[in-house]
Amino acid sequence: MEDLLVKYGDIIRKGRLPYLRCKKCGYSTYYPKVRCPKCTSHEFEVSESKGSGKVYSITSFNNGGRTYYYAIIEMEEGFKMYANVVSPATIGDRVMAIFVDERVQFNTVKI
Amino acid sequence: MRVAYASKLYKKYSGSVVDLLKEVFIDLSANTETSTIDGLFFTQLPGTFDKKELHFPSTQISSFLGIKPRILRVLDIGGPSAMTMLYEAIRAVEAGMAEKILCVVGGKGSMLREKGFTADSVDKVLPYSITPYDELFRIYDDMNPVTDYALVANRHKFLYHSTDEERATISVKQRKNAESNPKAIYKSPLSVKEVLSSRMIADPLRLLEVVYPIDGFNLFLVGKGLTGDYVDVSVEFYREAHWPEMPPDRDLDVTYTPALESGKGVNLDKVDALELYDSFTITVLLQVEDLGLAKKGDGGKFFEEKDVSPTGEIPVNTGGGTLNTGQPAFMSGGVILEEAIEQLGGRAMGRQVKGVQRVLINGIGGWNRAHSVTMVLRGE
């Protein structure tokens, strides 16, 4: 886990979005796990996402006078992850990973 | 199997958490013989005990209550822990592992509530970790669990065109059921309009759709030889399901819960009342769908169309649920289990379901909706 988090951290500091990809069947996930839930292989590799995805679901809430947007994003590579979106969005909107305070966040993409 | 029970719920209890436990235990002891208890099952969520967390909690609680146990267990599945503890206690007594097993569910919700957090966001205020990879997940601005359930509610609206009014109807109808429940703290009639004009907590979930965390304990004592005041029940169906992966990693859409799996094979036609876990309106709605009471997407319509009162065609959350009693220590399981046992014992006073023989209890738990327990209890 520590190795993996270091690898993830290095990629995030470069301004890229890391994820895990199963070498055997191609299954992708953001959250660390020991073996592939699809093909049971232990061979995961840390990859870099293109950073492009769409909003799977989103909510907003106010805290301390600020509005926050919290979402599940579905990435082009197939994995999904929780993250903040920096502006209002609706389900299905295209978003792009951005990096704020070394955190992966998302911004909406104008088409 | 005989089950005795006692509970106390407070918006805010001024004493320590073990003082609160002592109060409820003394109440239980007034109802039934407790000096011969020889088993203890316990559950606890972080941030709900004064001293943050008990190390070897089963030992500490056992010592405090003066129990010399033959069997000790701790369970950490949150919401449905109460149901699993009761089931396991019945099995253990039947297997001769102990004569009388005490199940303890509860703690204080007010401490985290007053800081604006819950057991699912305890890591933002106390030195707890809730995943092995917090740096990938717990760095975001959220208000879990309400934001997570809000994501589910919005996804549900998007996929199935469900409405805010449908969810609000759940609050309205449960409030109606709470009117004759002495344990309810909210009893005044509620309208859909009032629910939909209450403060937005996390879009689309509003204040009157969200459970209020309180202090309290539910105790259940299980044994063949209980004396005094008890209810005789048997377990007709029990199944648990665990989906431990992060919701975004699941194959199924996030609008599904593990109740889909734990409820598989249950005979709904034979059930006279249902007590469904009600942390939020959307939680109840999802269970109605996943247990098969309505088709996926129609859980809200079910509440608009059916009479779910204790005298209605299909009674649901007969005491108004924890949306109206408050949720002790971030777990609704103890409250809904006690309601089921009161119904089966014919003690539900003004909210009694006439001729009730079987009650289905469903619990949902874990910050990622990882656990579901479906249990049908039959009155003897």
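Chain identifiers are assigned alphabetically (A, B, ...) following the order of the sequence lines, protein sequences preceding nucleic acid strands; residue numbering begins at 1 within each chain. Treat the numbers as computed from the prediction; the structure is a model and nothing was measured.
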#### Entry: Lys33(A) to Asp249(B) - nearest heavy-atom pair and separation
NZ-OD2, 2.6 Å
### Query
Checking Tyr31(A) side chain against Tyr133(B) main chain: does a donor-acceptor pair fall under 3.5 Å?
no
### Task
Show your working on side chain to side chain contact (heavy atoms under 4.5 Å, CB included) between Tyr56(A) and Leu151(B) and close with a plain yes or no.
CA-CA 9 Å; Tyr56(A) 177 86; Leu151(B) 290 173; over 6 Å; no
## Note on the structure
The reported gap from OG in Ser60(A) to CE in Met200(B) (rounded to nearest 0.5 angstrom) is 7.0 Å
### Query
Quick one: does Ile201(B)'s side chain get under 4.5 Å of Phe61(A)'s, heavy atoms only?
no
#### Entry: Derivation of the side chain to side chain contact (heavy atoms under 4.5 Å, CB included) call for Tyr30(A) and Leu136(B)
CA-CA 9 Å; Tyr30(A) 187 63; Leu136(B) 302 179; 3.8 Å; yes
### Task
Go through Asn62(A), Val104(A), Asn63(A) and name the one with the most non-hydrogen pairs under 4.5 angstrom from chain B.
Val104(A)
### Task
Verify, without hydrogens or angle tests, whether Asp203(B) (side chain) and Thr59(A) (backbone) share a donor-acceptor contact under 3.5 angstrom.
no
#### Entry: Interchain contact, Asp253(B) with chain A, by part (heavy-atom threshold 4.5 Å)
both
### Query
Quick one: are Lys38(A) and Asp251(B) in side-chain contact, heavy atoms under 4.5 Å?
yes
### Task
Please examine the side chains of Asp142(B) and Tyr68(A), heavy atoms only from C-beta on, and report whether any two atoms are closer than 4.5 Å.
no
### Summary
Checked Leu4(A), Ile12(A), Ile58(A) vs chain B; the most non-hydrogen pairs under 4.5 Å come from Ile58(A)
### Query
Are there more than 12 heavy atoms of other residues, nucleotides or ligands under 6.0 Å from atom CG of Asp10(A)?
yes
### Message
Evaluate Met246(B) against Ile72(A) for side chain to side chain contact (heavy atoms under 4.5 Å, CB included), listing each step before the verdict.
### Response
CA-CA 11 Å; Met246(B) 297 284 281; Ile72(A) 296 173; over 6 Å; no
#### Entry: Minimal non-hydrogen separation, Arg250(B) against Lys80(A), with atom names
O-NZ, 4.2 Å
### Task
Please indicate whether Arg16(A) has more than 12 foreign heavy atoms, meaning atoms of other residues, nucleotides or ligands, lying under 6.0 Å from its CZ.
no
#### Entry: From CG (Leu159(B)) to CD1 (Ile91(A)), nearest 0.5 Å
7.0 Å
### Message
Do Leu5(A) and Glu135(B) make a side-chain contact, defined as non-hydrogen atoms from C-beta onward lying under 4.5 Å apart?
### Response
yes
### Query
Is chain A contacted by the side chain of Val146(B), its backbone, both, or neither, given a heavy-atom distance below 4.5 Å?
neither
### Task
State yes or no: are the ring centers of Tyr82(A) and Tyr140(B) separated by less than 6.0 Å?
no
